[in-house]
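Just the heavy atoms: all of them, side chains too, but no hydrogens, waters or symmetry mates, feed the values below.
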Amino acid sequence: MTLCFGIMEVLSIFSLIAAVMLTTSSVTVGAVVNVSLLEFVLGGKRDYTRWELSGPVFDIGFQELQRDYGGTLNFTQVRFFNLTYTSCWNLGEMPVLWASENYYNDPSNSTVRAIFGTGCPVSTDTLSDLAREWNIPYMIPMVGGPGDKSRFPTITSLAPLTWTDMHRNASVITRLMVANNWTSVGYLCSSTGPSYECRLRFDQHSEFRVNKRIYQFNLDSESVDNIKFALDTMKAQTNVIVIVAFKNLIRSIMMAAAELGMTNGDYVFYAFDYYDAPIGESLPLGTRPWMIDGLNDHEEEAKLAYRSLFVVSLANVKTPEHDRFSQDVKSLAARQYNYTYSENENINPFAMSEYYAMKILGVVLNETVTIDGVAAASDGAGLSKRMWNRTYNILGRQIVLDENGDRVADWVVNQLDPGGNAFRPVLQWSSSMKIFTAVTEEDGTPRQIVWYNRTSLPADRTFPADNHDSTDSGTQRGTPAVAIGCSFMAVILLVAIVLAVFYRKIIWNKLRPAGFGIPPVLFRNEI
């Protein structure tokens with residue numbers, strides 16, 4: 001057995017590409033199929049799947065593939081990253097050039113390839129085109145990428161989608177709206193950070209024709225006055241407000257809502273928090289979520305305001321296998337990647353999706369070679385199809401891929417505990433059973449949702465039926481006065497056109513030269 005780890009070299013790809021760190025590792029133990037795992041990751045400190053978070057996960061997954069399938073498959077790990085590329089914006093389409101260099105350096109094309117990463121929309125789209133052209137599997141860790149699998153049959157998404165179900169068209173908020181008989185909702189979107197995510201959530205909710213009124217308000221700035229203006233506008237339209245923003249802004253929004261009297265129990269707020277590690281402004285809500293950087297200004301007011309806030313998060317099932325894996329990742333990150341996880345910081349779900357992708361690929365490749373032969377391993381579309389519509393048991397968790405090759409994740413709705421110190425689950429959604437169930441207390445009794453300052457959930461906002469569109473576009477119809485005004489303006493416009501044509505003829509007749517005109521033509525019956 002030959003092992004080779006930690007070989008670092010610099011690739012110069014054409015004259016356009018900066019230095020790229022390439023790590024390769026392989027094992028050959030009676031292997032019959034060469035498999036190259038192409039891993040694309042970002043540098044920097046803000047990305048969810050950056051190298052110091054994804055690197056240890058990739059390494060452990062790679063070692064397990066060697067251990068489990070080394071007798072049949074010869075795996076090679078090829079990682080592309082450049083520490084100067086710290087954002088999706090400056091990474092651009094560089095991964096396409098890197099992947100092309102790797103692919104075309106093997107003229108015989110004898111190696112089976114699979115692509116992992118990057119988590120950036122632009123590079124994901126262009127890598128998807130290559131994966132389709134080369135007929136190789138592409139495992140996407142983040143939301144995005146082409147959704148039409150009839151055109152992109154080799155794309156599998158492992159993103160932990162907290163707001164969609166098996167058909168990707170029913171949002172978490174939609175399910176809550178249906179369950180609570182609410183027919184209007186407003187999305188309040190940050191101008192920074194997760195703005196794209198907010199638009200995506202809003203669009204997916206809008207496509208699911210259940211609620212009659214869906215509104216969206218984008219914050220142009222995050223000043224207190226602008227936040228209050230947004231909330232004051234939305235309170236006239238709906239009692240249910242979805243916040244898509246980072247932790248600090250969520251607090252500012254809830255404090256502004258308190259000043260406007262919107263935390264008295266008549267309004268309900270939802271936010272999303274499925275990431276457990278502090279990345280830039282993306283801080284977990286965690287314990288004492290109303291506090292920012294340890295500051296306790298207006299602590300009691302903020303704690304009271306958060307009684308009206310519910311938080312949607314992933315249902316991260318704790319298992320002994322996952323706990324051991326987490327410890328291994330954290331240990332490896334500290335030893336080889338110079339990254340120390342903070343206290344109670346979990347492995348983030350997007351880095352975890354890379355691990356799940358590697359495990360699923362190993363299972364399917366081994367099945368394919370064993371059942372259909374070596375040649376079938378080169379059919380990326382066939383491999384991908386075999387992955388889909390299946391459930392995998394990984395680290396004691398059920399990882400579900402639907403018939404479209406997209407991961408389906410369960411999620412929970414959290415509320416402040418009775419002491420007001422931390423959020424805890426009160427409701428959970430099962431994507432497999434498509435039902436809500438209450439979270440069970442230790443004594444076996446269902447945990448109850450506490451609606452602040454009231455004995456039941458906030459009432460739905462109702463509007464006169466003839467005053468609102470029946471669709472969920474959020475566009476209100478004009479009032480009768482507006483309709484009359486529009487009709488009057490239309491009549492004035494028509495009269496103006498007629499007068500213009502009439503006076504144009506008069507002026508033309510006065511201005512044209514004498515004798516100007518077309519002489520009459522006599523028809524035969526007039527001769």
Side-chain angles (χ1 to χ4, degrees), residues 173 176-177 180 182 184-195 198 201 213 215-273 281-313 413-424 426-427 448-461:
I173 301 302
L176 290 170
M177 301 279 291
N180 294 323
W182 291 325
S184 65
V185 61
Y187 282 77
L188 185 56
C189 303
S190 167
S191 60
T192 60
S195 57
C198 190
R201 294 183 192 278
R213 304 167 185 89
Y215 306 94
Q216 181 179 11
F217 200 102
N218 298 309
L219 291 172
D220 296 329
S221 71
E222 298 177 2
S223 66
V224 174
D225 289 341
N226 197 48
I227 293 172
K228 287 183 178 179
F229 175 78
L231 289 172
D232 200 43
T233 302
M234 298 181 77
K235 70 184 293 188
Q237 300 170 324
T238 180
N239 290 350
V240 183
I241 297 175
V242 180
I243 303 171
V244 183
F246 290 138
K247 178 180 179 179
N248 290 12
L249 183 55
I250 292 175
R251 186 183 191 273
S252 299
I253 291 172
M254 294 307 300
M255 293 297 290
E259 292 186 36
L260 294 173
M262 298 177 67
T263 57
N264 61 355
D266 292 338
Y267 299 85
V268 59
F269 297 81
Y270 289 95
F272 295 87
D273 181 40
E281 296 176 320
S282 181
L283 302 174
L285 291 174
T287 304
R288 295 191 292 178
W290 58 89
M291 295 185 65
I292 303 299
D293 296 331
L295 299 178
N296 58 4
D297 59 316
H298 305 291
E299 179 178 351
E300 291 303 317
E301 294 95 324
K303 183 189 297 187
L304 191 62
Y306 272 55
R307 290 290 187 188
S308 299
L309 177 67
F310 291 84
V311 175
V312 177
S313 63
V413 178
N414 304 272
Q415 182 181 38
L416 278 181
D417 60 29
N421 294 315
F423 281 96
R424 65 173 187 172
V426 292
L427 198 65
Q448 298 296 321
I449 294 178
V450 179
W451 300 101
Y452 176 68
N453 204 29
R454 58 191 310 125
T455 57
S456 61
L457 57 85
D460 185 31
R461 177 65 59 87

Are the side chains of [X] and [Y] in touch, meaning some heavy atoms are under 4.5 Å apart?
X    : Y    : answer
M234 : L188 : yes
M262 : I241 : yes
L249 : I227 : yes
S252 : E222 : no
S313 : N414 : yes
V242 : V185 : yes
L457 : V268 : no
E301 : Y306 : no

Whether over 12 other heavy atoms sit under 6.0 Å from F217 CZ: yes

task: Check for a donor-acceptor pair, side chain of W182 on one end and backbone N or O of T238 on the other, with a separation under 3.5 Å.
output: no

- request: Please list, chain by chain and in numerical order, all residues satisfying side-chain hydrogen bond (donor to acceptor under 3.5 Å, both in side chains) with S221, sequence neighbours excluded.
  value: S223

task: Output all residues satisfying side-chain hydrogen bond (donor to acceptor under 3.5 Å, both in side chains) with E259, sequence neighbours left out; order by chain, then residue number.
output: K228

Polar contact flag, side-chain donor to acceptor under 3.5 angstrom, N239-S184: no

- request: Before accepting this row, confirm whether a basic side-chain N of the pair K235/D266 lies closer than 4.0 Å to the acidic partner's carboxylate O.
  value: no

- prompt: How would you list, by chain and number, every residue that makes a side chain to side chain contact (heavy atoms under 4.5 Å, CB included) with A305, sequence neighbours excluded?
  reply: M254, A258, T263

statement: From the list W451, Y452, F272, ring pair (Phe, Tyr, Trp, His ring centres under 6.0 Å) with F310 holds only for W451

